[in-house]
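First comes the structure, then the notes that go with it.
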Number of protein chains: 2
Amino acid sequence: MKVEKVSLKIIAKELGVSAATVSLVLNGKNKNGRVSEEMSKRIIDKAAELNYIPNSLAKGLKMGHSKSIGLIVADISNVFFGTLALHIQNYAEKEGYTVIIGNTNEKLEEMEKIIAFLNSRQVDGLIITPAEGSEELIESLLKVNKPLVLVDRGFPKLNVPSVLINNYEICYRSVKQLIGQGYKNPAFITYRQDQYHTNERKRGFIEAVKDADLYKPDNVQEVSYQMLEKDMDEAIIRLLHSKNRVDAIFFATNTISMAGIKSLLKHEILIQKDIQVMCFDETDAINLFPFRVPFIKQPIEEMAKRSLELLIERIENKNAKIRKQFLEAELIA
Amino acid sequence: MKVEKVSLKIIAKELGVSAATVSLVLNGKNKNGRVSEEMSKRIIDKAAELNYIPNSLAKGLKMGHSKSIGLIVADISNVFFGTLALHIQNYAEKEGYTVIIGNTNEKLEEMEKIIAFLNSRQVDGLIITPAEGSEELIESLLKVNKPLVLVDRGFPKLNVPSVLINNYEICYRSVKQLIGQGYKNPAFITYRQDQYHTNERKRGFIEAVKDADLYKPDNVQEVSYQMLEKDMDEAIIRLLHSKNRVDAIFFATNTISMAGIKSLLKHEILIQKDIQVMCFDETDAINLFPFRVPFIKQPIEEMAKRSLELLIERIENKNAKIRKQFLEAELIA
DNA sequence: AGTAAAAGGTTAATCGATTAATTAAAAATT
DNA sequence: AATTTTTAATTAATCGATTAACCTTTTACT
């Protein structure tokens with residue numbers, strides 16, 4: 001089956017006009033006496049009849065922009081990133097942008113590959129949740145004036161558009177509340193990584209327990225991304241089977257929360273009886289437990305919206321002022 | 001800051017050769033005496049020095065393909081689709097393809113919009129989880145010879161490349177096993193929709209209970225996608241608060257499972273004490289319950305791999321035989 | 001020495017869309 | 001009637017990469 005590709009030229013030939021005329025009409029640039037009413041109508045009708053779909057590669061090449069953006073996340077199968085992606089796509093569509101998603105798997109080298117790849121596809125800008133150690137990479141992108149926005153994680157030293165949440169404050173407040181409820185020996189479990197957002201969460205926890213004179217360095221445990229399950233089991237044992245038994249655990253991310261609760265259940269530790277837990281991020285599971293788990297809810301849709309706004313602002317005006325936006329997460333108890 | 005875009009022409013000018021020569025070298029087409037060893041090396045070095053990144057819009061325009069594919073799912077924030085997307089992207093990257101993801105939100109009109117959009121971006125092919133009622137749309141794509149593969153859901157009447165699982169068999173076997181364990185009044189909850197994959201699951205359930213002489217039409221309940229929570233509560237009440245009280249429920253998808261379990265907990269019905277449940281699809285939550293939930297696990301990574309294989313096969317050879325592949329899901333108890 | 005073959009390039013057309021610059025005819029104005 | 005303005009188009013260059021078809025120069029062979 002031979003199907004001829006419908007281009008501007010085809011439409012033009014069928015109507016006996018030039019491709020330029022067709023282009024003007026189809027782009028709505030036929031104002032003040034450029035093309036006659038009658039011809040406009042014939043062109044529009046013919047385009048519909050032939051089911052003309054503009055070739056955005058050609059358009060992008062000519063115009064110097066692709067009307068697409070890259071979204072770089074750690075792992076699209078993680079609900080947090082999936083939800084972020086969904087909302088970014090929805091807003092992007094309204095603005096006429098396509099989103100191309102790349103997964104770093106938290107690895108710097110993957111992130112570099114993805115960026116090169118997205119650049120070759122001429123994305124107009126990038127929304128990035130940067131991997132650990134990618135500060136220099138981001139800096140180099142800024143140097144070549146690439147429009148980009150960091151989301152979820154930032155680099156405080158870098159002057160780069162970012163959409164972040166109040167990690168420190170919300171953690172501080174939440175832990176304060178936990179302590180106010182009578183818990184005397186709270187612990188914190190986070191990833192063994194040097195990322196600003198998790199560092200801030202840790203700082204929030206530590207300041208809160210220090211202010212209540214409850215700080216014990218051993219109560220802050222770290223687990224690795226790659227060996228989450230094993231590390232978590234060990235951490236849980238350390239926290240619960242020492243003489244210094246903790247009575248509450250704050251989990252720093254959604255994946256850590258899931259692994260943590262799983263480990264607690266495995267060790268037959270009863271949540272809210274033997275121990276209280278508090279999670280960062282909402283998950284499907286959290287509403288399904290026979291116990292209530294207080295958790296910190298991030299405004300994901302708002303984060304998506306803001307980061308797209310900031311990005312488009314920079315795409316359309318490379319000299320726009322660089323802004324960092326801080327949104328509020330809230331404790332749902 | 002002015003950053004000159006590095007094109008073939010720039011490299012050529014710097015070296016005093018033609019753009020053609022640069023293109024030949026950079027594409028490895030400098031064999032049998034096309035370009036000298038020395039010049040090849042100089043070109044490669046210069047390209048690296050200038051950090052040349054080929055413009056894939058230009059390349060795509062010239063070559064007639066974009067080396068990108070569209071992935072159309074219902075909702076990328078759903079873990080099943082997120083995981084599928086992750087794996088498809090991983091395999092696609094190896095084959096040199098970009099993946100552009102679109103969300104239909106299960107709506108036909110959204111699906112139409114996304115397809116037009118992806119076509120304008122000149123995707124070379126599509127991997128689709130078709131929305132309800134999209135059979136004609138798929139047919140029209142086949143008519144214009146668009147390479148596509150259906151995944152997760154198929155249209156048995158259509159001769160279209162598909163990657164599906166053994167929905168009927170696995171449900172039949174799983175329900176059989178449930179009955180074998182002594183449950184005498186099992187129920188089934190699915191979406192109120194006419195989709196082959198869920199129909200097959202329902203058929204598996206019904207045949208299994210019929211074969212055990214336990215079939216009761218009222219035990220098959222349907223809920224809507226839009227009002228999942230409300231409908232679920234009502235369904236649960238109907239199944240449990242009638243004289244005909246069921247003793248097991250089979251949930252047809254992951255979202256239904258989550259909503260179902262949530263509803264059971266809300267009504268203070270004790271799972272595995274008052275009632276047994278069985279779920280289609282794995283979810284984060286499933287491992288976290290203090291009770292064991294048997295579930296049906298789909299080979300998502302294999303589905304991703306196969307669908308990409310089938311798609312690339314069709315992209316590269318439009319006359320390749322159309323194949324439907326059936327993979328095996330398994331019951332994890 | 002004369003011719004053929006190999007080596008090492010270059011030219012120019014092309015993909016499809018955009019748009020500044022131009023042209024030509026018709027209508028309006030003086 | 002002559003000039004200006006308006007209307008309604010067209011021409012041609014351009015974006016960046018690819019590649020068939022050429023063109024020189026050098027080397028090989030009889």
Side-chain angles (χ1 to χ4, degrees), chain A residues 3-44 46-47 50-68 96 119-124, chain B residues 3-44 46-47 50-68 96 119-124:
Chain A
V3 183
E4 191 171 20
K5 275 260 179 180
V6 181
S7 67
L8 280 187
K9 217 185 288 181
I10 304 280
I11 299 179
K13 201 192 295 175
E14 293 245 335
L15 267 68
V17 296
S18 73
T21 308
V22 179
S23 172
L24 291 171
V25 170
L26 262 23
N27 286 296
K29 302 199 169 154
N30 52 341
K31 305 302 168 200
N32 36 41
R34 301 284 274 126
V35 184
S36 67
E37 279 287 332
E38 191 222 331
M39 181 55 81
S40 293
K41 191 171 157 11
R42 288 181 58 205
I43 288 174
I44 289 167
K46 183 55 90 175
L50 299 180
N51 192 25
Y52 168 69
I53 296 176
N55 182 326
S56 56
L57 297 183
K59 176 159 186 170
L61 175 60
K62 173 66 190 170
M63 305 294 274
H65 61 236
S66 60
K67 280 279 174 183
S68 68
N119 276 336
S120 84
R121 300 215 89 100
Q122 310 297 114
V123 293
D124 297 334
Chain B
V3 183
E4 192 173 18
K5 275 263 182 180
V6 181
S7 67
L8 280 188
K9 218 185 286 180
I10 303 280
I11 299 180
K13 202 192 295 175
E14 294 246 335
L15 263 49
V17 296
S18 72
T21 308
V22 179
S23 172
L24 290 173
V25 170
L26 264 21
N27 286 296
K29 301 199 170 155
N30 51 342
K31 304 304 170 199
N32 36 40
R34 300 286 273 127
V35 184
S36 68
E37 280 286 332
E38 192 222 328
M39 182 55 82
S40 294
K41 191 170 157 12
R42 288 181 60 204
I43 289 174
I44 289 167
K46 183 57 87 177
L50 298 179
N51 192 25
Y52 169 68
I53 295 176
N55 183 326
S56 56
L57 297 184
K59 177 161 186 167
L61 175 59
K62 174 65 190 171
M63 305 294 275
H65 61 238
S66 60
K67 280 280 174 181
S68 68
N119 276 336
S120 84
R121 300 215 89 98
Q122 309 297 115
V123 294
D124 298 334

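Atoms considered below: every heavy atom in the structure, side chains included; atoms not considered: hydrogens, waters and symmetry mates. In the text below, chain A, chain B and the rest are named by the order of the sequence lines, each starting its count at 1.
One can place CD of B/Gln122 at 12 Å from C1' of C/dA17, the figure rounded to the nearest angstrom. Rounding to whole angstrom units, CG of residue B/Asn30 and P of D/dT19 are separated by 13 Å. Atom CG of A/Leu57 is separated from atom P of D/dC15 by 18 Å (rounded to the nearest Å). As rounded to whole Å, 7 Å separates atom C1' of C/dA17 from atom OH of A/Tyr52. For the pair A/Asn119 CG and D/dG16 P, the computed distance is 15 Å after rounding to whole Å. Atom-to-atom, CG of A/Leu8 to C1' of D/dA12 comes out at 16 Å; the value is rounded to the nearest Å. Counting to the nearest Å, the P atom of C/dC15 and the CG atom of B/Asp124 are 18 Å from each other. Straight-line distance from the NE2 atom of A/His65 to the C1' atom of C/dT19: 14 Å, rounded to whole Å.
Terminal axes of the helix from C/dA1-D/dT30 to C/dT30-D/dA1 (five pairs each, C1' rotation axis) are separated by 60°, to the nearest 10°.
Under the rule for a side chain to side chain contact (heavy atoms under 4.5 Å, CB included), the partners of A/Glu38 that lie at least two apart in sequence or sit in another chain are A/Ser36, A/Arg42. Taking the side chain to side chain donor-acceptor pair (under 3.5 Å) definition, one finds that B/Ser56 meets it with nothing, sequence neighbours left out. B/Lys41 meets the side chain to side chain donor-acceptor pair (under 3.5 Å) test with B/Asp45; sequence neighbours excluded. Legend: residues meeting side chain to side chain contact (heavy atoms under 4.5 Å, CB included) with B/Lys46, ordered by chain and number and at least two apart, are B/Ile11, B/Glu14, B/Leu15, B/Glu49, B/Leu50.
If you check every strand for non-hydrogen atoms under 4.0 Å, A/Lys62 touches a base.
When each of A/Ser23 and B/Ala58 is assigned the nucleotide of DNA chain C with its nearest heavy atom, B/Ala58 is the one assigned upstream, toward the 5' end.
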Notebook entry, point to check: For nucleotides 4-10 of chain C, read 5' to 3', which letter fits each nucleotide if B means a protein heavy atom sits under 4.0 Å from the base, S means only the sugar-phosphate is that close, and - means neither?
Noted result: ---SBBB
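The side chain of B/Lys59 places an N or O atom within less than 4.0 Å of a non-bridging phosphate oxygen (OP1 or OP2) of D/dT18.
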